[in-house]
Every structure is written in structure tokens, then in C-alpha cells.
Number of protein chains: 2
Amino acid sequence: MIIEETDVKKCDADCQNDNGICPCGQKCPLSTAMEIIGGKWKIQILCALQIDGPIRYNELKAKINGITNTMLSSALKKLEADGLVRRKQYNVMPVRVEYSTTEAVVNLVPILMQLGKWAKEVAP
Amino acid sequence: MIIEETDVKKCDADCQNDNGICPCGQKCPLSTAMEIIGGKWKIQILCALQIDGPIRYNELKAKINGITNTMLSSALKKLEADGLVRRKQYNVMPVRVEYSTTEAVVNLVPILMQLGKWAKEVAP
DNA sequence: CGGAATCCCGTATGATACTG
DNA sequence: CAGTATCATACGGGATTCCG
């Protein structure tokens, strides 16, 4: 995203495909990022996992105020599919499942902290 | 957000109020940030304004593939209310309105570029 | 215990028309 | 030109119940 003058003005976030997501008419990785971490619960889930993971499903649910099974379950699936969350199942009875963050989140954390800092300045 | 051990584990994004948004049970500036720049069109609008602004309403609309008046108008209002977009109206006939980004966006840009770069790595 | 299935609702988004 | 008004729809999100 942002500012680069060549023959055609295009943003700097390294647009790639022409699917209309970016105003430069191309696919923007930034839009991808917003899809990956967007939504009502994903940030909170990542935060909880980063602080307390590995952690079991019901413990995680208890840590996130107000989340339902539907939302937690679907968000975890998407995060796992995007490679941000790791799911480990122990086949004992009763079943034990532990969730944790992956290496991808390590690089994400400082960026999110900058975003938070930015928000504090613009919305004090 | 993320990792800090005191008496109670809390994240590092400087949580403040107890409204249940953060897993640490408090209001997180990061969540605020996601509300400000989240949604289907805001990033694209900011990007277009940053590249081509100041720019008139209909020109802006033309640059953003597929956006409707309803969405562009409401998104611009929210962005203006949050201090990211400036609206300047010239009372001539026909009316001329120009939109541009504010100083707040200047600090946001490098963060968004990092996010885009991160996304390229995790979702190549 | 760790979810899945089902049903339901509100809001975000969209299409179309219209106006100061 | 720069939007608003109105109506329609889709999807995110939620409550409840049930299952291996």
C-alpha cells in the first residue's frame, strides 16, 4: 500500500492479482492480512493463546469473555487453516486438545503492538 | 497485546477499561485499531486517498472497484469521525468536495506496509 | 471434553432510485 | 456533483441442543 509513481500509480504493498481488492486494481497482501486477523474474535484468541498457550479448548473459552462454541470453534479452524494456530489432540479419554500459536504469530505480534500504540494516539 | 507477567497475566497493548474486549478482560487499543480500519472498504479508501488525494468524491468512487455510494459515503463518514480523513467542501455550483488523508494516516502507513509484508510471508 | 448441528437475528453490505 | 432514501439480501455472530 501507499505511494509509488511509475507509469501507473500503484501502492507499495506489492499488489499482485487483478481481483479488484486494491484501489490500484490488484490483490493487496494487506487485504489478505485483514482477512486473516479480522473478525470479532481472532485477535483476542491469538492474544490469549500467545499469553497462555498451549491451552485446552474449554480453558481458552473461559478466558475469552462472551465467546460461544460456534465462534471459537470456527475462528480456531480459520486460524489453523491460515497457519497461525496449531491444534494438538491427545487421544485419551476424555479427549484432550491443546491449542497454541505458530511461528507466524511471532512476527505478527510486534506489528500488532504498533497498531495498538497507533490507535492510542489517534483515539486517546 | 501479548505477554507480560505480573500478578495477573495481561497483554502488552496497554489495556485500559473492563469491557471484555481483550482476553485479559480489558479494553484493548488494538481492538480499537481494528474497528477504525476494519470493514470491507476502509483500507482501500485510505490507500486510494493516500495515493491520489486530495480527490473528489466521484473520482474516488471510480478508483475503487465495485464500491457503491452507500458504502463509500458511510465509510468516509466513519473515517472522518475517527480523524483519518479530511473533507473539504467548496461551495460553488456544482458543489465540489475533496477528500484527503490526515496526519494520523502518515503514522499508520508504515505499520500497514509491515502487515502486508507479513501477510506475504504467511500466505504466499 | 471438545466440539457439530440447527435455528435465528441484526447488522453490514448491496441495488436502485432520487434530490439539493 | 455529491450524496441520501429506500428496500432487499447475505453473512457474521449467537442461543440452544446434541453427539462421539
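A, B, ... follow the sequence lines: proteins, then strands. Residue 1 opens every chain.
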Atom pair distance, as rounded to whole Å: [atom1] in [X] and [atom2] in [N]:
| X | N | atom1 | atom2 | value |
| --- | --- | --- | --- | --- |
| B:Glu59 | D:dA2 | CD | P | 8 Å |
| A:Gln44 | D:dG13 | CD | C1' | 13 Å |
| B:Leu76 | D:dC1 | CG | C1' | 14 Å |
| B:Lys40 | D:dA10 | NZ | P | 13 Å |
| B:Leu72 | D:dC1 | CG | P | 15 Å |
| A:Lys78 | D:dG13 | NZ | P | 7 Å |
| B:Arg96 | D:dG3 | CZ | P | 13 Å |
| B:Leu60 | D:dG3 | CG | C1' | 13 Å |

Item to check | Of B:Leu49, B:Ile55, B:Ile51, the residue whose pairing with B:Lys63 passes side chain to side chain contact (heavy atoms under 4.5 Å, CB included) | outcome: B:Ile55

Next on the checklist: With nearest nucleotide decided by heavy atoms, which residue, B:Pro94 or B:Lys77, maps closer to the 5′ end of DNA chain D?
Outcome noted: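 With B:Pro94 and B:Lys77 compared, the 5'-side residue is B:Pro94.
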
Checklist entry - Which is it for A:Leu76 and A:Arg87 under the side-chain contact (heavy atoms from CB on, under 4.5 Å) test, yes or no, and what are the steps along the way? => result CA-CA 9 Å; A:Leu76 283 172; A:Arg87 191 193 113 111; over 6 Å; no

Checklist entry - Would B:Val106 and B:Ile111 show up in the same hydrophobic cluster when neighbours are defined by side-chain heavy atoms closer than 4.5 Å? => result no

Checklist entry - Where does the chain B footprint on DNA chain C start and end, counting 5' to 3' with a 4.0 Å heavy-atom cut-off? => result C:dT13 to C:dA15

Next on the checklist: Has A:Lys42 got a side-chain atom pairing as donor or acceptor with A:Ile36's backbone, closer than 3.5 angstrom?
Outcome noted: yes

Item to check | Donor-acceptor contact below 3.5 Å, side chain A:Thr102 vs main chain A:Gly83 | outcome: yes

Taking OP1 and OP2 of [N], is either one under 4.0 Å from a side-chain nitrogen or oxygen of [X]?
| X | N | answer |
| --- | --- | --- |
| B:Arg56 | D:dA2 | yes |
| B:Arg87 | D:dG3 | yes |
| B:Tyr57 | D:dT4 | no |

Checklist entry - For A:Glu103, does the CD atom sit with more than 12 other heavy atoms under 6.0 Å from it, leaving out its own atoms? => result no

Next on the checklist: To the nearest 0.5 Å, what is the distance between CD on B:Glu80 and CG on B:Asp82?
Outcome noted: 10.5 Å

Checklist entry - With a non-hydrogen cut-off below 4.0 angstrom, is B:Tyr99 in contact with a base, only sugar-phosphate, or nothing? => result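 Counting heavy atoms under 4.0 Å across all strands, the contact made by B:Tyr99 is with sugar-phosphate only.
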
Next on the checklist: Within the structure provided, determine whether B:Val105 and B:Val85 are in side-chain contact (heavy-atom separation under 4.5 Å).
Outcome noted: no

Item to check | CA sep, side-chain torsions, deciding dist, call: A:Leu115, B:Leu108, side-chain contact (heavy atoms from CB on, under 4.5 Å) | outcome: CA-CA 8 Å; A:Leu115 248 191; B:Leu108 179 61; 3.8 Å; yes

Listing time: all N or O pairs from protein to nucleotides 15-20 of chain D that are below 3.5 Å?
residue	atom	partner	partner atom	Å
D:dA15	N6	A:Thr70	OG1	2.9

